[in-house]
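Order of listing sets the numbers, starting from 1, for every ligand and every atom in it.
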Amino acid sequence: MRLSVVGCGYLGAVHAAAMASIGHEVVGIDVDERKIAQLASGVAPFFEPDLQDLLVEGLESGRLTFSTDIAAAVGASVHFVGVGTPQQKGGHAADLTYVDAAVDSLLTILKPGDLIAGKSTVPVGTAARLAERIDGSGATLVWNPEFLREGWAVKDTIEPDRLVVGVPVSDGADGSAQGAPSVEGARAADILREVYAPAVATGTPFIVTDYATAELVKVAANAFLATKISFINAMAEISEVVGADVTQLADAIGYDARIGRRFLGAGIGFGGGCLPKDIRAFAARAEELGKGESVGFLREVDAINLRRRDRAVALVVAAAGGSVFEKKIAVLGAAFKPHSDDIRDSPALDVAVRLHGLGANVVVTDPAAIENARRDHPQLEYSADLDEALRGAEAVVVVTEWDEYRRQLAPERAAALVNATVVVDGRNCLDATTWRAAGWTYYGMGRP
Ligand code: UGA
């Protein structure tokens with residue numbers, strides 16, 4: 001099939017490359033000339049395992065092209081919209097400027113029968129509004145939210161857990177049952193089944209629903225994940241008071257299949273370009289709908305999350321003997337999570353910046369995110385060399401659980417480099433027993 005993908009950021013670039021890899025002819029479109037030039041020359045603009053290979057493969061096959069000109073989308077029959085929906089400046093709601101602009105630009109080239117498939121994370125009600133906007137073009141709008149995780153984006157796109165498609169529903173006038181997909185909606189769902197044929201063939205759940213449900217599924221999923229993380233971090237706060245160990249607590253409750261152990265990793269909390277902004281936008285939208293109280297707990301989820309950064313900073317200060325002023329602190333990690341160079345709302349960098357603000361000589365290291373971190377926070381010192389970062393440190397703080405720190409860093413070797421064998425494990429990712437046995441004073445999050 002011939003597809004276009006409007007917006008070549010994280011979501012769009014991965015989607016375009018992944019769709020080409022399963023056999024479609026895809027053109028990726030973005031207004032950012034630099035990004036398009038990079039993608040067109042086979043260079044992934046961000047660190048994402050497998051993306052680089054997929055890009056090169058797609059470009060060489062001729063199935064994948066990139067352009068800054070929306071006219072390049074002429075001839076495609078399905079147009080994905082994957083532009084960003086950042087948090088509004090000065091507010092919590094989502095900024096829909098880019099989504100609206102993408103749809104408006106598509107309006108100039110749409111032909112009857114085309115499909116616009118929105119993938120961006122949007123406040124509930126957006127799809128209905130956009131459907132009105134394209135009314136008269138003969139094209140159909142569907143909402144097809146994306147659930148990919150950074151670091152696993154290619155795999156999540158090609159082999160998703162589930163596919164969700166919000167389609168126009170019938171008012172009964174076209175012969176379809178009232179509330180069921182309209183004839184137009186059912187056709188649109190069939191087209192998307194064809195787009196995702198390999199995943200559909202392996203039995204991936206394919207949920208066809210209305211616009212509002214599809215939009216809500218996305219924000220509900222992220223709100224649930226954020227809540228799960230903040231729940232365990234709240235338990236960490238209690239554990240800290242009573243001397244309990246939140247990691248054992250998580251293991252023990254996680255054995256209950258109804259609860260599950262995943263996303264019960266207590267530490268410095270969630271960050272990134274999605275969870276923080278999505279829960280805020282959800283709460284803002286609920287307020288607009290007069291149902292702010294229904295998701296009032298998300299404010300608490302946000303607050304618990306941010307408190308964990310304070311806690312990590314306080315632990316480092318305590319670990320350094322009450323003050324970090326003019327002391328070298330090695331900060332291991334800058335990315336908001338491992339396998340990513342993304343530093344958007346990174347708890348790791350936030351901790352580094354706060355320690356710097358307290359007068360510490362912070363040296364940040366990270367296997368992938370140093371360049372991005374340096375751009376946003378030039379005031380910090382960076383070293384790509386882990387040993388260099390550790391050398392002479394008065395305290396070490398692990399804030400992103402890269403394998404380089406979790407598995408490969410031997411506590412004995414690290415001990416030989418630092419000035420003081422004190423480690424704060426902001427991600428509860430080190431083996432406390434091994435580190436203590438090697439002479440380290442170990443501080444975890446929510447652990448004795
Ligand atoms: C998240 C969702 O997991 C995806 O399903 C969704 O598609 C995506 O947002 C999005 O909306 O685009 P992502 O932001 O890539 O994906 O990252 P996650 O793996 O969810 O991690 C988010 C944050 O939570 C990270 O900072 C991570 O360190 C933290 N986290 C995760 C914890 O603190 N504890 C955990 O147990 C798990």
A.B. asks: Among protein heavy atoms, which lies nearest atom 34 (N) of ligand 1, and at what distance?
C.D. replies: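 In this structure, atom 34 (N) of ligand 1 has G265 O, 3.0 Å as its nearest protein heavy atom.
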A.B. asks: For ligand 1, is any non-hydrogen atom under 4.0 Å from D278's backbone (N, CA, C, O), its side chain (CB onward), both, or neither?
C.D. replies: side chain
A.B. asks: To the nearest 0.5 Å, tell me how far T227 OG1 sits from F270 CZ.
C.D. replies: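 It comes to 7.5 Å.
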A.B. asks: Under 4.0 Å, heavy atoms only, figure out whether ligand 1 is touched by the backbone of L148, its side chain, both or neither.
C.D. replies: backbone
A.B. asks: What I'd like to find out is whether the side chain of R413 reaches to under 4.5 Å of the side chain of L417, using heavy atoms alone.
C.D. replies: yes
A.B. asks: Can you tell me if C274 contacts ligand 1 (heavy atom of the residue under 4.0 Å from the ligand)?
C.D. replies: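 Judged by the 4.0 Å heavy-atom criterion, C274 does count as contacting ligand 1.
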A.B. asks: Work out whether the distance between some heavy atom of K228 and some atom of ligand 1 is less than 4.0 Å.
C.D. replies: no
A.B. asks: Are K119 and E146 close enough for a salt bridge, meaning some N to O gap below 4.0 Å?
C.D. replies: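 Looking at K119 and E146, the cut-off is met.
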A.B. asks: Specify side chain, backbone, both or neither for I232, according to which of its non-hydrogen atoms lie closer than 4.0 Å to ligand 1.
C.D. replies: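 Under 4.0 Å from ligand 1, I232 contributes no heavy atoms.
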A.B. asks: Any Lys/Arg nitrogen of R311 or E240 sitting under 4.0 Å from an Asp/Glu carboxylate oxygen of the other?
C.D. replies: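 Answer for the salt bridge query: yes.
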A.B. asks: For atom 17 (O) of ligand 1, what's the nearest protein heavy-atom neighbour? Residue, atom name and distance, please.
C.D. replies: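 Answer for atom 17 (O) of ligand 1: K337 NZ, 3.1 Å.
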A.B. asks: Mind checking whether T400 contacts ligand 1 via backbone (N, CA, C, O), side chain (CB onward), both or neither, at a 4.0 Å heavy-atom cut-off?
C.D. replies: neither
